[in-house]
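Contents: one structure, followed by commentary.
It should be emphasised that the depicted structure is a prediction, and the values quoted were computed from it without experimental measurement.
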Amino acid sequence: MQAEADEENASRQALSYSSVVVDPLDTVASVSVGKMIRDGYGGPDTCHALYCALPRAEFTGMSILLTGHEDAYPPGVVTVDIDSPGMLGFY
């Protein structure tokens, strides 16, 4: 959502990667994300990612957020800087 709002066709590029998963927001998730936004945790994009990174009953895996804004997430959320060495195949 945020990528496409910022730049036309950016979402198409992001979704072309096979490892990118976009979790849809059902009713319960929408309410939770809305509360996060209201409580000042960030905008819809940040709060959607934050919600998806938190432990949930319906998801037993470990979410890792690939982001250019690691400081936007609270401690305990696993983030990886998109510009870190190795992300583009460089070590």
When every non-hydrogen atom of Gly42 is compared with those of Cys47, the smallest separation belongs to O-SG, 3.5 Å

Shortest non-hydrogen pair, Ile37 vs Pro44, comes out as CD1-CA, 3.7 Å

Results of side-chain hydrogen bond (donor to acceptor under 3.5 Å, both in side chains) for Thr79 - residues two or more places apart only: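 With sequence neighbours excluded, Thr79 shows a side-chain hydrogen bond (donor to acceptor under 3.5 Å, both in side chains) to Glu70, given in chain and number order.
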
For Asp71, all residues meeting side-chain hydrogen bond (donor to acceptor under 3.5 Å, both in side chains), sequence neighbours excluded |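 Counting only residues at least two positions away or on another chain, Asp71 forms no side-chain hydrogen bond (donor to acceptor under 3.5 Å, both in side chains).
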
Cut-off 3.5 Å, no hydrogens considered: what does the side-chain donor-acceptor table look like for residues 25-32, sequence neighbours left out?
unit_1, atom_1, unit_2, atom_2, d
Asp26, OD1, Val28, N, 3.3
Asp26, OD1, Ala29, N, 2.8
Ser30, OG, Asp26, O, 2.9
Ser32, OG, Val28, O, 3.1

Residue set satisfying side-chain contact (heavy atoms from CB on, under 4.5 Å) with Asn9, at least two apart, ordered chain then number -> Arg12

